[in-house]
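The block underneath contains the structure these notes are about, expressed in structure tokens.
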Amino acid sequence: MPLRPPARRPAFAAAALAAAGALLLTGCGGDGQAAASDPVKDVRSKLPKAQRSAGVLRIGMDVNYAPVEFRGSDGKPAGLDPELATALGRILDVRVEFVDTPFDKLIPNLQGKQFDVAMSALSDVRARREGLDADGKQVNPGVDFVDYFIAGTSIVVPKGNPKGIRTLDDLCGRTIAFQQGTTQDEIATRQVAVCSRAGKQLTVHRFDTDAKALAEVAAGTAAAGLNDFPVAAYAAKTTDGGGRFEVTGAQSTSNPYGIAVRKADTELRDTVAKAVDQLIRSGEYDKILAKWNVSAGAAQNAVVNGGI
């Protein structure tokens with residue numbers, strides 16, 4: 001599915017513009033003239049001792065969500081997130097190590113200190129920030145996010161859209177498939193209630209991978225699948241040479257992808273945010289997004305906890 005370039009690059013929040021410029025540091029030389037400091041060195045100097053001493057940043061990632069993260073032909077992580085993470089590692093002067101983790105285990109394992117951060121198409125939403133379950137009850141300490149990309153949810157249907165599905169309401173009375181624990185899971189839960197009030201039951205099939213959910217759509221067991229916009233676009237373009245799926249309707253409410261960090265690790269969180277800003281400023285961020293055909297989701301700057 002081709003992405004529609006926005007009129008301008010979206011920003012998370014106007015107030016974050018000041019933070020985006022924080023790396024443009026200046027100092028006074030002996031002659032009283034302002035001299036620009038090296039922003040990359042400044043970022044590196046802020047990296048916590050634990051990661052700096054180890055020389056590695058361990059990143060939890062569910063490597064099964066093309067084109068955001070998947071295994072390339074060499075078996076190594078590839079895609080948008082691995083490339084952005086590797087570029088951030090160069091800025092921080094550390095090696096990045098990916099820890100392949102099921103999506104619904106990313107936040108629990110992050111809080112269990114099995115890795116330093118989680119970066120895996122994780123939408124920055126209030127429930128994750130505050131550690132809330134589906135009933136609004138707090139079940140864990142929550143996490144902070146460093147937001148770096150904007151993505152909405154799209155509906156994927158068989159090629160030709162035989163059932164004429166355009167909106168979420170068109171799913172009522174049908175079966176849909178998606179990966180459990182995702183933003184799409186939350187959207188589907190809300191839509192079940194909407195369809196129930198309309199007297200048309202929405203049946204949901206949850207899977208541990210997006211590939212299994214799309215297989216149900218391909219087989220006709222599910223009328224549609226819900227995916228993040230970049231993933232939906234990639235599936236429509238590449239599966240069976242573009243002849244299997246298509247994306248229908250408009251994207252739902254967009255939310256930023258965020259790099260999840262433990263609440264207590266504020267120093268690491270703020271350093272990662274500065275590194276993201278530097279990556280954007282360098283131009284490499286735009287090149288990576290363009291490579292994966294997701295430039296429409298470009299962020300203007302990093303923002304901490306900017307989701308809704």
Side-chain angles (χ1 to χ4, degrees), residues 1-3 62 64-70 102-106 120-128 132-136 150-240 242-255 257 294 297 307-308:
M1 170 183 63
L3 295 174
D62 182 8
N64 193 21
Y65 204 52
V68 185
E69 50 259 329
F70 62 100
F103 190 83
D104 59 351
K105 301 296 183 185
L106 284 168
S120 189
L122 273 166
S123 295
D124 173 3
V125 294
R126 175 175 170 264
R128 289 175 179 153
L132 307 178
D133 65 11
D135 297 321
I150 300 170
T153 289
S154 292
I155 302 172
V156 178
V157 296
K159 193 73 172 182
N161 195 7
K163 298 188 183 300
I165 295 169
R166 304 291 178 193
T167 69
L168 289 175
D169 288 346
D170 292 337
L171 299 174
C172 294
R174 308 185 189 279
T175 298
I176 59 172
F178 49 85
Q179 185 176 359
Q180 64 188 6
T182 60
T183 300
Q184 288 72 44
D185 201 339
E186 299 173 11
I187 291 172
T189 298
R190 293 195 296 269
Q191 191 61 28
V192 165
V194 172
C195 294
S196 178
R197 289 194 294 271
K200 296 180 180 180
Q201 180 181 349
L202 172 62
T203 301
V204 299
H205 288 178
R206 295 174 171 87
F207 295 91
D208 58 353
T209 70
D210 185 65
K212 292 178 181 177
L214 285 174
E216 279 231 334
V217 179
T221 308
L226 298 181
N227 308 76
D228 285 349
F229 184 52
V231 179
Y234 186 83
K237 180 180 179 180
T238 63
T239 306
D240 292 346
R244 177 66 66 177
F245 301 118
E246 67 180 70
V247 178
T248 184
Q251 292 185 63
S252 67
T253 303
S254 297
N255 241 336
Y257 284 168
V294 294
I308 57 174

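These numbers were taken from a predicted model, which means no experiment stands behind them.
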Within this structure, what is the [atom1]-[atom2] distance for the pair [X] and [Y], rounded to the nearest 0.5 Å?
{"X": "Asn255", "Y": "Arg126", "atom1": "CG", "atom2": "CZ", "value": "13.0 Å"}
{"X": "Asp170", "Y": "Asn161", "atom1": "CG", "atom2": "CG", "value": "8.5 Å"}
{"X": "Phe207", "Y": "Gln180", "atom1": "CZ", "atom2": "CD", "value": "10.0 Å"}
{"X": "Leu168", "Y": "Ser252", "atom1": "CG", "atom2": "OG", "value": "6.5 Å"}
{"X": "His205", "Y": "Glu216", "atom1": "NE2", "atom2": "CD", "value": "5.5 Å"}
{"X": "Leu171", "Y": "Ile155", "atom1": "CG", "atom2": "CD1", "value": "5.0 Å"}

Please check if any side-chain donor atom of [X] sits under 3.5 Å from a side-chain acceptor atom of [Y], or the reverse.
{"X": "Gln251", "Y": "Ser154", "answer": "no"}
{"X": "Gln191", "Y": "Asp169", "answer": "yes"}
{"X": "Asp228", "Y": "Gln184", "answer": "yes"}
{"X": "Asp210", "Y": "Asn227", "answer": "yes"}

Exercise for the section: Carefully, step by step, assess Glu186 and Ser123 under the rule side chain to side chain contact (heavy atoms under 4.5 Å, CB included). Expected result: CA-CA 11 Å; Glu186 299 173 11; Ser123 295; over 6 Å; no
Looking only at heavy atoms, which two atoms of [X] and [Y] are closest? And how far apart?
{"X": "Ala151", "Y": "Pro230", "answer": "CB-CD, 4.0 Å"}
{"X": "Pro158", "Y": "Ala223", "answer": "CD-O, 3.6 Å"}
{"X": "Val247", "Y": "Ala233", "answer": "CG2-N, 4.3 Å"}
{"X": "Gly307", "Y": "Asp124", "answer": "N-OD2, 2.9 Å"}
{"X": "Val217", "Y": "Ala224", "answer": "CG2-C, 3.5 Å"}

Handout entry: Option among Thr209, Asp62, Asn64, Asp104 that satisfies the side-chain hydrogen bond (donor to acceptor under 3.5 Å, both in side chains) test with Gln179
Key = Asp62
Is there side-chain contact between [X] and [Y], with heavy atoms separated by less than 4.5 Å?
{"X": "Cys172", "Y": "Leu202", "value": "no"}
{"X": "Lys159", "Y": "Arg244", "value": "no"}
{"X": "Val68", "Y": "Val231", "value": "yes"}
{"X": "Val157", "Y": "Lys163", "value": "no"}
{"X": "Thr239", "Y": "Tyr234", "value": "no"}

Exercise for the section: For Asp133 and Asp135, indicate whether the former's side chain and the latter's backbone hold a donor-acceptor pair under 3.5 Å. Expected result: yes
Practice task
Apply the test side chain to side chain contact (heavy atoms under 4.5 Å, CB included) to residues Glu69 and Ser120: give CA-CA distance (whole Å), side-chain angles for both, the deciding distance (0.1 Å), then the verdict.
Solution key: CA-CA 7 Å; Glu69 50 259 329; Ser120 189; 3.4 Å; yes
Exercise for the section: Check step by step if side chain to side chain contact (heavy atoms under 4.5 Å, CB included) holds for Phe245 and Leu214. Expected result: CA-CA 9 Å; Phe245 301 118; Leu214 285 174; 4.1 Å; yes
Problem - Pairs satisfying salt bridge (charged side-chain N to carboxylate O under 4.0 Å, His left out), at least one member in residues 188-209, at least two apart - result: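 As it turns out, the salt bridge (charged side-chain N to carboxylate O under 4.0 Å, His left out) pairs with a partner in residues 188-209, which skip direct neighbours, are Asp185-Arg206, Asp208-Lys212.
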Problem - Working for side chain to side chain contact (heavy atoms under 4.5 Å, CB included), residues Phe103 and Thr182 - result: CA-CA 8 Å; Phe103 190 83; Thr182 60; 3.9 Å; yes
